[in-house]
Visitor: 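Just dropping this structure here.
By convention in this document, chain letters (A, B, ...) are assigned in the order of the sequence lines, proteins followed by strands, and residues within each chain are numbered from 1.
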2 protein chains.
Amino acid sequence: MNRPIRRPGGRSADVRRRVLDAVVTQLVDHGYDGLSIDTVAASCGVHRTTVYRRWRDVGGLLADVLAEAAGDDWRPADTGTLDGDLAALNREVFAALTGDPPITTALIAASFRSARAAEALRAFWADRYDRCAVIVARAAGRSEIPAGTDARRLLVAATAPLYHELVLLRTGPDEGLADRAAADTAVAARAGAFVTGVVSPG
Amino acid sequence: MNRPIRRPGGRSADVRRRVLDAVVTQLVDHGYDGLSIDTVAASCGVHRTTVYRRWRDVGGLLADVLAEAAGDDWRPADTGTLDGDLAALNREVFAALTGDPPITTALIAASFRSARAAEALRAFWADRYDRCAVIVARAAGRSEIPAGTDARRLLVAATAPLYHELVLLRTGPDEGLADRAAADTAVAARAGAFVTGVVSPG
DNA sequence: ACTCTAATGCAACATGTGTAGCGTTAGGGG
DNA sequence: CCCCTAACGCTACACATGTTGCATTAGAGT
């Protein structure tokens, strides 16, 4: 992610922790616009050039924050039905995209300015979708949906409308959006969509 | 969009045309990173301060470009089937998102930096989805799908996976992506998804 | 402890971005 | 044709962003 530290002793580790904490604090208090190398450095008592050298730009800072966040033990909820699992997932996505402060939106915005932030976010989402594949496997195991259903394709179909409406189209946050997208996707899956190699099962 | 011009005579109109042309040229030649007020102004012989006063920032420039583009006479293709119409639409979206130079992606990136660009892009897409509603109306008229199907919800379901995969998840451009998303959405619509007020029709 | 040097702190510079004041130019209206 | 002034060009400034060279500090190995 960032430049390798060959002396991970007290000082370097302390600087990293102070800087990353300051990034989150700045993001929470003043949003993405109030986030810059200088403000972060000044707010945690680390010199500008140190931050520039280790993280290069704001995207690098957020990429490092994101790399830490990706190491958690998150798992999708198990509600017993495909509809319930997708709805639970979509409500989490919805909360992340409409939450205040808009940390997720800030990370997305940063991904358009920094290649490192883009790569970190790509890796983060790839990991999340991998973990969610179990939702589709469970549904197939219950014979709710066909055996050959493409997990990623189904999960993207369920979540993509949320990202599209809230992040790109910037629709006002509609409470029912998450559940509707989940239900529509479940209907599609039961009807035989998302099956690899099959274009038109009807 | 930009500051109103009370003297739309030769000079002001000429300046605007030269600047907007230069924006597109810069975008095509050097991408979004090579786009700044200064480079645009220098490349078309208009002074920096003039561009700053009339368009304020890069987002304002792109918003003006977008406003012109929104005034075209685009209509969705009529292929005779819902599958065909959605596939044709998705192929256009796919081409826009993977085209080189990445003008669409540049506009999306700008929308995260400038409120004016964000609003212009929002209005552009709202208009496009409105024009696409006829696709759903035609399908309902042919009794391919239920009468109460929500047009926007269906259209977002069809196109959102493309934006999500190509813009946010940054998946490598998969040729079959557009057709698969279109086919999956058509299956869902035929199965009774996207009907307003109905959560679980199955 | 002592040495070596990675990492940091510091100052100065270079560049990019945006603004303010003021004179100049040229379109619009009489 | 002449006047008025919106729009533009120019200079200078203010600030943010990012870089470079060098001195200083302190972790790591012996």
Visitor: Look at the side chain of B/T49 against the base of D/dC8 and say whether a donor-acceptor pair falls under 3.5 Å; ignore hydrogens and angles.
Guide: no

Visitor: Could you check how far CZ of B/R53 sits from P of C/dT24, rounded to whole Å?
Guide: 15 Å

Visitor: In this structure, how many angstroms lie between the P atom of C/dG16 and the OH atom of B/Y52, rounded?
Guide: 11 Å

Visitor: Once you round it to whole Å, what is the distance between C1' of C/dG27 and CG of B/D14?
Guide: 13 Å

Visitor: Using whole Å, report how far CG of B/L61 lies from C1' of C/dT17.
Guide: 14 Å

Visitor: Rounded to whole angstrom units, what separation is found between the CH2 atom of B/W55 and the P atom of C/dT17?
Guide: 17 Å

Visitor: Output the rounded distance in Å from CZ (A/R113) to C1' (C/dT17).
Guide: 13 Å

Visitor: Record whether the side chain of B/R48 comes under 3.5 Å of the base of D/dG9 through a donor-acceptor pair of N or O atoms.
Guide: no

Visitor: Is any side-chain heavy atom of B/L169 closer than 4.5 Å to a side-chain heavy atom of A/R122?
Guide: no

Visitor: Counting C-beta onward and ignoring hydrogens, is there a side-chain heavy-atom pair between A/L62 and A/L35 closer than 4.5 Å?
Guide: yes

Visitor: Does B/R152 make a cation-pi contact with B/Y129 (under 6.0 Å, within 45 degrees of the axis)?
Guide: yes

Visitor: Categorize A/D57 for me: base, sugar-phosphate, or nothing, with a 4.0 angstrom heavy-atom threshold over every strand shown.
Guide: nothing

Visitor: Just N and O in the side chain of B/S36: are any of them under 4.0 Å from OP1 or OP2 of C/dG16?
Guide: no

Visitor: Report yes if some heavy atom in the side chain of A/I135 is under 4.5 Å from a heavy atom in the side chain of A/D78; otherwise report no.
Guide: no

Visitor: What is the distance from CZ of A/R54 to P of C/dA7, rounded to the nearest Å?
Guide: 8 Å

Visitor: Whole-Å distance between D/dT20 P and A/H47 NE2?
Guide: 16 Å

Visitor: Please evaluate the base of D/dG18 for a donor-acceptor partner in the side chain of A/R56 within a cut-off of under 3.5 Å?
Guide: no

